Amino acid sequence: MTRTPARPFPVVLCALLLAGAAVGARQTRTTPPGPAGPQSQRPTFRGDVELIRFDVLVVDRAGRHVPGLTAADFAVTVDGAPRPVETVAEVTHPRTPPPFPADVPLDVAANTGRPDRLVMLVLDDLHFRARTDEVKSLIRDVVTRLGDGASLGLVTTSGTFGVEITEDRAQLLRAIDAFLDRHDPGRGLRRPVVSTAGYVSRTGDPTSLSGGPSDPASFFGAFHGYRTVEDVAKMVAADDGRRKAFVWVSTALPGTNLVRFALHPPGDQPNPCDRSTAAAWFCNSINGMFTRLENSNASVYVVSPGGPVDGGGSLAPISAAAGGESFDAARDPRAVDKLVSVLDNYYMVGVLRGDLDRGPHAMAVTTTRPGATVRSRGTYTLEPKVSAPRNGTPLNRLAAAVEPVRDLPLRLHVLPLFTAKGDTQVLATLEVAADALPPPDAAGHFGDVVEFSVHAIDLKKKRVERSEARRVTMEWPRRAGRPDGLPAYRLQAVLRVTPGPHQFRASAISRGLDQSGSVYLQLDVPSGKDADVAVSGLVLASPRPPDTTPAIVRHGELEDVSLPFAPALDRVFPSSGDLRVFFQVRAKKDEPARGTLAIIDAADHAVIEVPWETTGKGVHGVERTLNLEGIPEGPCRIIATTVVNGVRVERTVGIRVGG
């Protein structure tokens with residue numbers, strides 16, 4: 001008996017989990033607008049709300065991006081009627097060197113600098129056909145070479161592996177390296193004599209499909225492929241004006257030859273979607289997937305890693321119907337080059353919304369540039385509805401969004417530390433990077449009421465493990481009639497969590513500024529109990545912090561440890577100064593633990609290396625000061641390392657020396 005794999009768990013699991021997390025907070029206040037001035041003094045501007053903006057690709061005969069086009073080079077029809085092109089913006093994303101080491105995950109996250117595109121990587125691990133290594137190499141290549149300004153997420157159709165949407169590519173690359181395909185070990189590499197879409201056709205004609213699945217695992221796995229894309233497209237359906245693209249990697253997928261029948265039923269020939277039970281299942285799945293893709297205004301690009309297809313069908317009909325393109329990485333050595341090019345280079349075209357109502361509309365875009373071709377989706381959906389969590393508080397709704405909310409600028413630092421018993425506690429420091437003070441009250445006092453929360457989500461168990469929410473009342477003292485202090489400040493919370501991969505989500509609401517925001521950070525929490533020697537997270541700070549360092553107005557209460565200095569959230573340090581580093585070492589045996597604290601430059605050379613040693617078992621603190629003078633400017637790694645019984649244990653933080 002063939003077992004159907006479990007329903008895929010979407011990459012946006014944190015949004016789903018946090019929808020039901022219970023944290024108390026009040027409703028966000030909305031400030032009413034002030035009185036309007038004379039009508040003659042109120043200018044009228046054409047805002048983005050009146051524009052429909054959509055992304056298109058323009059390529060030459062060789063498939064290369066065509067630069068320099070203007071509104072005069074495009075023609076647009078909506079529901080068959082011409083629409084004047086109001087705006088055209090050419091978007092290009094060059095790949096610039098990362099400011100911090102590319103192979104080191106971030107330990108400080110910010111919600112500023114909004115990426116203008118979202119790329120979802122879909123790995124069809126139910127149909128890799130023993131090509132797992134090729135797929136991993138291909139995806140690493142795409143992530144590494146993709147230009148700046150992108151949020152990325154990863155899902156597998158088996159539903160057992162995924163990476164939350166992130167801007168931290170090092171975290172994504174580490175996860176891809178660790179991916180182990182447990183669902184497609186190369187079994188069943190056979191080809192039915194006559195096969196179409198994964199089930200037997202007695203005539204080879206796709207309109208005369210009959211019989212049951214020729215490969216039940218592949219047959220049912222196809223539904224998971226369609227459902228995975230449908231679920232993720234639903235979760236990213238917010239109409240935020242960004243480009244959304246799915247990169248779908250698969251050797252083949254049953255049912256793809258039915259796309260044209262499912263989306264555009266022919267009126268003059270039999271429709272297999274109406275005649276075969278198996279075909280009807282596929283058609284329903286295809287329709288559901290494309291409905292969500294249209295609602296999210298997402299394009300689909302499919303990549304084949306090559307190899308046996310086991311009777312499955314090419315995904316080319318899916319990409320063609322979803323405004324994308326197909327690439328064969330096994331046959332075309334420039335496949336990844338072409339894929340990255342279409343993801344990095346495109347146009348955002350804007351037309352007036354006019355009297356168009358909500359819902360999907362037929363969209364056609366052409367260009368008058370000789371030799372150029374436009375590739376775009378055939379539909380555009382206006383203001384797709386996204387369901388909000390029903391039982392969420394304002395703080396939870398902020399943290400439950402698929403991506404960070406960026407109205408209130410925030411930074412989040414997460415520091416794992418050990419208790420005396422070896423349990424792991426995490427100090428979360430949330431910086432509210434406000435650039436202005438709230439307005440004073442009637443008595444001239446400057447104050448604010450800030451609500452904030454921090455959630456720790458266990459990514460293995462797929463559940464919210466710990467949460468803390470607080471309300472802080474603040475007041476800025478006055479000196480010489482002016483508020484004394486910075487508008488930015490820091491809030492802390494301490495969460496006891498189990499070791500393993502976690503995502504931390506923090507949200508904050510400023511009542512005085514009437515602004516809110518959220519910020520996310522993923523971290524592998526170390527264990528202080530399992531290994532003979534364990535190293536905690538690294539605390540960094542300058543010996544003389546600048547006067548512009550925000551004050552901590554709410555301290556986290558750590559157990560069994562007192563930090564010698566407050567953690568710095570900046571990761572850029574001047575080459576003319578010192579750097580203080582603190583970390584913990586926990587030893588299980590009553591013998592010395594020895595190691596080094598090193599700074600590794602971009603050329604992978606140890607420019608500084610100092611020893612450290614602890615005595616006896618238990619938890620010990622290690623503090624060192626590193627002189628950065630003379631270190632070449634650029635990205636560096638700070639590594640605390642020890643080797644026990646031939647096993648290397650280390651903790652790493654990425655910094656940048658100089659500007």
Side-chain angles (χ1 to χ4, degrees), residues 106-109 410-432 452 454 456 466 468 470 472 486 488-497 499 502 504 506 521 523-528 533-573 577-587 593 595 597 599 610 612-616 618-626 628 638-642 649-655:
L106 301 177
D107 67 333
V108 178
L410 301 173
R411 286 199 297 179
L412 175 64
H413 175 242
V414 176
L415 174 66
L417 297 166
F418 302 137
T419 68
K421 296 180 180 179
D423 296 327
T424 306
Q425 56 187 333
V426 171
L427 174 64
T429 301
L430 179 65
E431 180 178 283
V432 181
F452 77 99
V454 181
R466 291 287 186 273
E468 181 174 339
R470 298 288 180 180
V472 178
L486 299 171
Y489 50 90
R490 293 175 180 173
L491 310 162
Q492 291 184 335
V494 176
L495 305 177
R496 295 282 291 272
V497 298
H502 286 70
F504 294 86
L521 177 64
L523 180 75
D524 288 331
V525 177
S527 171
V533 175
V535 179
S536 74
L538 306 185
V539 191
L540 308 182
S542 296
R544 294 176 297 277
D547 295 336
T548 56
T549 300
I552 300 176
V553 299
R554 199 271 174 182
H555 289 266
E557 299 175 0
L558 290 166
E559 181 180 341
D560 301 329
V561 59
S562 178
L563 298 182
F565 47 83
L569 271 65
D570 293 325
R571 287 296 175 261
V572 179
F573 297 92
D578 293 336
L579 177 65
R580 299 177 69 185
V581 182
F582 172 83
F583 57 94
Q584 293 173 301
V585 177
R586 185 180 189 273
L597 180 65
I599 296 183
V610 297
W612 57 264
E613 180 177 342
T614 63
T615 58
V619 178
H620 305 271
V622 177
E623 183 179 357
R624 294 290 185 272
T625 298
L626 307 177
L628 303 181
I638 300 179
I639 306 179
T641 307
T642 183
V649 180
E650 65 179 35
R651 296 295 293 182
T652 305
V653 171
I655 67 168

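None of the values given here were measured: they were computed from a predicted structure. All values below were derived from every heavy atom in this structure, side-chain atoms included, with hydrogens, water molecules and symmetry-related copies excluded.
- Residues D423 and F418 form no side-chain contact, since every pair of their non-hydrogen atoms from C-beta on lies 4.5 Å or further apart.
- Shortest non-hydrogen contact noted between H502 and V525 is ND1-CG2, 3.8 Å.
- Here the closest non-hydrogen pair linking A568 and A541 is CB-CA, 3.9 Å.
- The structure places CD of Q425 at 9.0 Å from CG of L415, a figure rounded to the nearest 0.5 Å.
- A salt bridge links E468 to R554: at least one charged side-chain nitrogen sits closer than 4.0 Å to a carboxylate oxygen.
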Pair I599-L628, side chain to side chain contact (heavy atoms under 4.5 Å, CB included): steps then yes or no: CA-CA 9 Å; I599 296 183; L628 303 181; 3.5 Å; yes

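- Atom CZ of R586 is separated from atom OG1 of T419 by 7.5 Å, given to the nearest 0.5 angstrom.
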Derivation and outcome, side chain to side chain contact (heavy atoms under 4.5 Å, CB included), residues V414 and D107: CA-CA 6 Å; V414 176; D107 67 333; over 6 Å; no

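- What you find for S536 and P416 is that their closest heavy atoms are CB-O, 3.4 Å.
- The closest donor-acceptor contact from the side chain of H620 to the backbone of T615 lies under 3.5 Å.
- Smallest separation of non-hydrogen atoms from V649 and A534: CG1-CA, 4.5 Å.
- A pairwise comparison of heavy atoms in P526 and T424 identifies O-OG1, 3.0 Å as the closest pair.
- Distance check: T429 OG1 to H555 NE2 gives 10.0 Å after rounding to the nearest 0.5 Å.
- Between F583 and R651 there is no side-chain heavy-atom pair separated by less than 4.5 Å.
- Summarising the geometry, atom CD1 belonging to I655 is positioned 8.5 Å from atom CZ belonging to R571; distances are rounded to the nearest 0.5 Å.
- Distance check, rounded to the nearest 0.5 Å: CD1 of I552 to CZ of R490 gives 6.5 Å.
- Minimum heavy-atom separation, R624 to W612: NH2-CA, 3.4 Å.
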L427 vs Q492, side chain to side chain contact (heavy atoms under 4.5 Å, CB included): CA-CA, chis, key distance, verdict: CA-CA 7 Å; L427 174 64; Q492 291 184 335; 3.9 Å; yes

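- To the nearest 0.5 angstrom, L626 atom CG is 5.0 Å from L597 atom CG.
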Intermediate values then yes/no, side chain to side chain contact (heavy atoms under 4.5 Å, CB included), L563 and L417: CA-CA 10 Å; L563 298 182; L417 297 166; 4.0 Å; yes

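- Looking at D570 and R411, a side-chain N of the basic residue comes within less than 4.0 Å of a carboxylate O on the acidic one, giving a salt bridge.
- Side chains of I638 and L579 form a contact here, defined as non-hydrogen atoms less than 4.5 Å apart.
- Looking at L540 and V581, their side chains come closer than 4.5 Å, going by heavy atoms from C-beta outward.
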